[in-house]
2 protein chains.
Amino acid sequence: MTTDRPIPSELPENITLEMVARTAGVSPATVSRILNGSARVSERKRAAVEAVIKELNYRPNALARGLAQGRTNSIGVLTQDIASPFYGEALRGIENALKDTGAIPLIVSGHWLLRDEVERLEHLLSRRVDGLIVLTGSLPDEMLLRYATEVPLVVTGRDLEGPNLMSLRFDDYVGARMATQHLIDLGHKRIAHVAGPLDHFDSIERLRGYREALVDAGIQPDDDLVVHADFHEPGGLLAINQLIAARTPFTAVFAANDQSAFGARLALHSHGIRVPEDISVVGFDDLPVSNYVVPPLTSVKQPAYEMGEIAARALVGMIHGEPAKGRLPQPELIVRASSRPLRR
Amino acid sequence: MTTDRPIPSELPENITLEMVARTAGVSPATVSRILNGSARVSERKRAAVEAVIKELNYRPNALARGLAQGRTNSIGVLTQDIASPFYGEALRGIENALKDTGAIPLIVSGHWLLRDEVERLEHLLSRRVDGLIVLTGSLPDEMLLRYATEVPLVVTGRDLEGPNLMSLRFDDYVGARMATQHLIDLGHKRIAHVAGPLDHFDSIERLRGYREALVDAGIQPDDDLVVHADFHEPGGLLAINQLIAARTPFTAVFAANDQSAFGARLALHSHGIRVPEDISVVGFDDLPVSNYVVPPLTSVKQPAYEMGEIAARALVGMIHGEPAKGRLPQPELIVRASSRPLRR
DNA sequence: CTGTTAGCGCGTTCAC
DNA sequence: GTGAACGCGCTAACAG
């Protein structure tokens, strides 16, 4: 041990593997082998090294390790909004699935902006992540395919086939049909739809499910009943205000996601319209909080947490060279108190 | 350019700085200088190199760079729950403040478990983050002080002084007083409190604020009115159910956070008790969604987003050797429709 | 089983 | 201005 360092540096010097090796009286390679279990080491040396590691409080340098090994034990996750309740659940699922693999998720946000998404992905790749999970977003398919040539990639919210790539899509169309059908079954005919942004594939599919359920039930879809919003609470509120201002009659609302359903419900409330007595409301996503709003919201369950888990597990498999596999559960309608039979 | 590689490797080989240098006909050092602006380079070479970088789609290896420079341009963020609506806002603030600094946040979750928190922090440090933001959590002060000897550290939710460390604490006590005083001003005397977990400093402070506001108003605090919950919706719901089952009379509820206020509000609803007509409800945090629940929730605004921004900005400053600085805004009560004068 | 050697891809002296 | 040489901390390949 070098005890005659003249100036004790301010910052505690980082302990290196080489220092551990020297103090334990072995070679760096041996320490490395113990750390990685990459070869058998005599019990005596192992004990000595482990003691030194503990004593010196040695912490391996992940950068150096990554450089040498060519893998970083980290996977990049592109979400869109770090505070989104929906994607938040997906992130929880990812975290949980990764927990015991030794890998750590590097989470960045794309804000639904192509520019941000590309910039963030490049950032992740320059950090040499071992794989990538892209939660929906607005990247063109070709770009995803190209990124998949660099690292294994799992993308949600679209159907896409390609080498080194897996996609996970929830059936928005069927989910929207179930929600609409539920309202039809309750006797509703004038069903409004608070749509999502129409540059989102999910929104389009949900709108289509809504329309086709109506048609199949012999109800003529009325464009006046479709209001466009943005998947957020204020948008849902404005949408219903519009509808009311235009005096368009309706007895039920199917919102393209729970957040806009919350806004819609508040708009109804401030007009003195009761839910579900006067008007039924159905959402989409089944956020954790939707079970605790008043009245609890009937909603199509989107398995966000499971989606995260499935994506992460599949990605880890792909990184280890296994074929991509994993499927999302089928849509499911969770009926709660916000919807009830039309009173006549 | 080496065109005679016999076997085209499956994975596209990573472009290295050295390859860029060779194709551009300059030395690696020159490319490095251009990349980092660390020295003047002739316009001719610069143009040539930049062209090659674009053409080869060169992406610098952040690991190698970190190893060589001793900094990684990443800062570690320990949150508690990646899907928490409250901490989610803080993360947004952090992301935003870091956006133009070139640094990227590495976000990990501690789940309020000491074990997880330590493990995650060690993970971040082994990745050689340049600094650390710890969002509350349950680490003892001494540990934080020790971590601060390794990297600059900002911690929220507590008061702590130390070298290389900054703490940011919101005044929970004053906030709770404001909430309680608001209800007192409205004529309420039987005010229930749905408390948070009592191993959280915030919970204790909010309970204290509640109690002292009552005392100062000449109202004798009644322990029967204090129910313990867990900062989550189900806990708030159970708490109110308990209160009702025990037939403890009350006309208002102050919940230790918005999520338990939601649960409380639902419990009241399912007992046919109206808010605010029969009972007033006040929360704490002012989550984004609290403005959109029915009725919109009166709440103490905790500036989570700003907190994240302030923490990140301060940390960046500290990393650059500036003294720690930054303060949180004062508590503020946002009055909405969930509270109203006691009818007599 | 163990030590020695040679990189991983960059930044950074230090000469020229 | 520019290039050659070395080192960041670690793993891998090769000897023994």
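In what follows, every chain begins at residue 1, and chains take the letters A, B, ... in the order their sequences are listed. What you see below is based on every heavy atom in this structure, not just the backbone, and it leaves out hydrogens, waters and symmetry mates.
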Completion exercise
With B for base contact, S for sugar-phosphate-only contact and - for none (protein heavy atoms under 4.0 Å), nucleotides 8-16 of chain D reads BBBSBB---

Problem - B:T30 side-chain N/O to B:V26 backbone N/O, donor-acceptor pair under 3.5 Å - result: no

Exercise for the section: Looking only at non-hydrogen atoms, find the nearest pair between A:S126 and B:P60 and report the distance. Expected result: CB-O, 3.4 Å

Problem - B:N36 side chain vs B:S38 backbone, donor-acceptor pair below 3.5 Å - result: no

Problem - Check: B:V155 main-chain N/O paired with B:R158 side-chain donor or acceptor under 3.5 Å - result: no

Completion exercise
Separation of D:dG1 atom C1' from B:K45 atom NZ, nearest Å, is 8 Å

Problem - A:N164 side chain to A:A148 backbone, donor-acceptor under 3.5 Å - result: yes

Exercise for the section: Ignoring backbone atoms, establish whether A:S42 has a side-chain N or O less than 4.0 Å from OP1 or OP2 of C:dT2. Expected result: yes

Handout entry: Pair B:R92 + B:E95: basic N to acidic O under 4.0 Å
Key = no

Practice task
Ignoring backbone atoms, test whether B:T30 places a side-chain nitrogen or oxygen under 4.0 Å from the OP1 or OP2 oxygen of D:dG3.
Solution key: yes

Problem - Flag side-chain contact, heavy atom, 4.5 Å: A:L135 against A:L91 - result: yes

Handout entry: Stems involving DNA chain C, each a run of at least 3 consecutive Watson-Crick or G-U pairs under 3.5 Å
Key = C:1-16 with D:1-16

Handout entry: Salt-bridge contact A:E142-A:R146 (side-chain N to carboxylate O under 4.0 Å)
Key = no

